[in-house]
Amino acid sequence: MVQGRLAPAETPTSELVDHLPSFVKEVIAALRADAGLPPLAPQPGESQAAADHGKQRLRLGFSLEAVVREYGFLHDAILLTGKDAGVEISFREFQVTFGSIVTGIGDAVAEYSRQRDAELQRQHNEHFAFVAHELRSPLYSAMMGLELLEQKGELRTGTTAAGTVTRSLRRMQELIDHSLSVARIASGVDLRLEPVKLDLLLSDAVAAVSVDAERKAVELRVQAPPNREVTLDVRLVRSALHNVVRNAVKYTAPSSLVELRGSVRNERVSIDVEDCCGGLASEDVEKAFAPFVRMTNRESGFGLGLAIAKQAVDAHGGSIRVRNLPGKGCVFTLEFPDAGGGPPGKN
């Protein structure tokens with residue numbers, strides 16, 4: 001930024017002053033309230049003037065320093081205007097004015113920073129998704145080539161080398177697919193709310209992992225109110241639930257149980273997934289939802305399943321947590337707001 005310049009070149013005057021009148025009215029309102037005077041009629045959106053100002057300044061290309069300096073100039077302008085008008089400003093009025101300016105700076109900077117960080121994250125996710133997507137084509141070609149060699153008998157199946165190549169390619173495909181899911185959800189999604197029966201949602205998650213469960217002789221059990229309809233973003237909830245249930249089957253002990261329990265209370269949908277993994281150490285509970293973290297070294301994978309689940313839940317406006325059952329397993333709880341607002345207290 002050029003010293004002394006607050007705005008980028010070619011910025012229209014209307015863009016420079018459009019939030020200032022509203023913010024000045026907020027300062028006036030604070031002074032009147034402190035003096036015990038009745039409030040003036042509120043203007044729509046005035047309370048958001050500073051935050052809107054910070055968002056707009058980022059869009060126009062202002063630096064954060066320039067945003068802060070603007071409020072300093074505004075403070076000086078208010079005091080000089082009072083002096084030129086022959087108004088004696090008391091120390092208390094100076095305090096109130098200064099306090100309003102500081103609050104405005106805080107709101108503007110907070111929104112500026114939030115919008116800037118969101119844009120940087122969006123750009124990062126967009127680049128990450130592009131790279132992952134571009135890796136898909138050569139990987140697909142490699143897998144097709146391997147399959148073609150096997151069909152022609154030019155590659156002996158069942159050998160250690162062939163098995164290693166096949167497993168490696170599949171793991172790469174899993175990592176790319178998971179990475180694309182993380183980038184897509186983190187970039188922000190618009191909720192597509194639709195009614196769905198809770199018991200069918202849980203049964204669908206069970207069906208998705210049934211083959212893996214059979215391989216380990218793990219019993220999958222569902223408890224949910226029959227035909228209880230809730231309104232959710234089915235894509236996000238299904239993604240989160242499938243990842244949690246798949247993770248539970250992966251880490252639970254062979255010939256044991258994974259149980260899914262669904263309920264609805266006070267317009268909140270709650271889903272518990274309880275496994276028999278033997279329990280988690282306290283440090284593992286804290287980092288369970290971090291990406292690229294695996295709960296144990298006994299199973300392969302990239303540790304992205306629970307991270308994807310958390311992002312899907314967060315995007316939905318819900319929450320996810322884990323409760324340790326020492327010596328037995330753990331319970332993952334997913335909670336979502338029921339946009340349909342079913343009868344309170346009804347399970």
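Below, each value reflects all heavy atoms present in this structure, side chains not excepted, and no hydrogens, waters or symmetry copies. Model, not experiment: these values are computed from the prediction.
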Subject >> Co-members of Val87 in a cluster of I, L, V, M, F, W and Y side chains, linked at under 4.5 Å >> reply: none
Subject >> Which atom of Leu334 lies closest to which atom of Val244, heavy atoms considered >> reply: CD1-CG2, 4.2 Å
Between side-chain atoms of residues 94-101 and protein atoms elsewhere (two or more places apart, or another chain), which donor-acceptor pairs fall under 3.5 Å?
unit_1	atom_1	unit_2	atom_2	d
Thr97	OG1	Glu93	O	2.8
Ser100	OG	Val96	O	3.1

Could you tabulate the donor-acceptor pairs under 3.5 Å formed by side-chain atoms of residues 325-332, not counting sequence neighbours?
unit_1	atom_1	unit_2	atom_2	d
Lys328	NZ	Glu274	OE2	2.7

Original post:
What are the two closest non-hydrogen atoms of Asn227 and Asp199, and how far apart are they?
Top reply: N-OD2, 3.4 Å
**OP:** Apply ring pair (Phe, Tyr, Trp, His ring centres under 6.0 Å) to Tyr112 and list each qualifying residue two or more places apart in sequence or on a separate chain.
**Re:** none
Original post:
Counting only N and O atoms by type, is there a donor-acceptor contact under 3.5 Å from the side chain of Lys55 to the main-chain atoms of Gln115?
Top reply: no
**OP:** Could you tell me which residues satisfy side chain to side chain contact (heavy atoms under 4.5 Å, CB included) with Asp76, sequence neighbours excluded, listed by chain and number?
**Re:** none
Subject >> Shortest non-hydrogen separation from Ile320 to Val313 and the atoms involved >> reply: N-CG1, 4.0 Å
**OP:** Mind running side-chain contact (heavy atoms from CB on, under 4.5 Å) on Leu79 and His75 for me, showing each step along the way?
**Re:** CA-CA 6 Å; Leu79 297 182; His75 177 262; 3.3 Å; yes
**OP:** Kindly give the heavy-atom pair with the smallest separation between Leu202 and Gly262, and that separation in Å.
**Re:** CD2-N, 3.7 Å
Subject >> Donor-acceptor contact below 3.5 Å, side chain Asn243 vs main chain Ser239 >> reply: yes
**OP:** Can you sort out the partners of Arg268 under side chain to side chain contact (heavy atoms under 4.5 Å, CB included), two or more places apart, ordered by chain and number?
**Re:** Ser319, Glu335, Pro337
**OP:** Please report the C-alpha distance between Arg323 and Thr333 in whole Å, then the side-chain angles of each, then the deciding distance to 0.1 Å, and finally whether the side-chain contact (heavy atoms from CB on, under 4.5 Å) criterion is met.
**Re:** CA-CA 8 Å; Arg323 177 166 54 93; Thr333 299; 5.8 Å; no
Subject >> N/O donor-acceptor pair under 3.5 Å between Arg32 side chain and Pro38 backbone >> reply: yes
Original post:
Atom CZ in Arg238, atom CG in Asp233: separation rounded to 0.5 Å?
Top reply: 10.0 Å
Original post:
Salt bridge check: are Arg192 and Glu194 linked by an N-O gap of less than 4.0 Å?
Top reply: no
Original post:
Of all heavy-atom pairs between Ala108 and Tyr71, which one has the smallest distance, and what is that distance?
Top reply: CB-OH, 3.7 Å
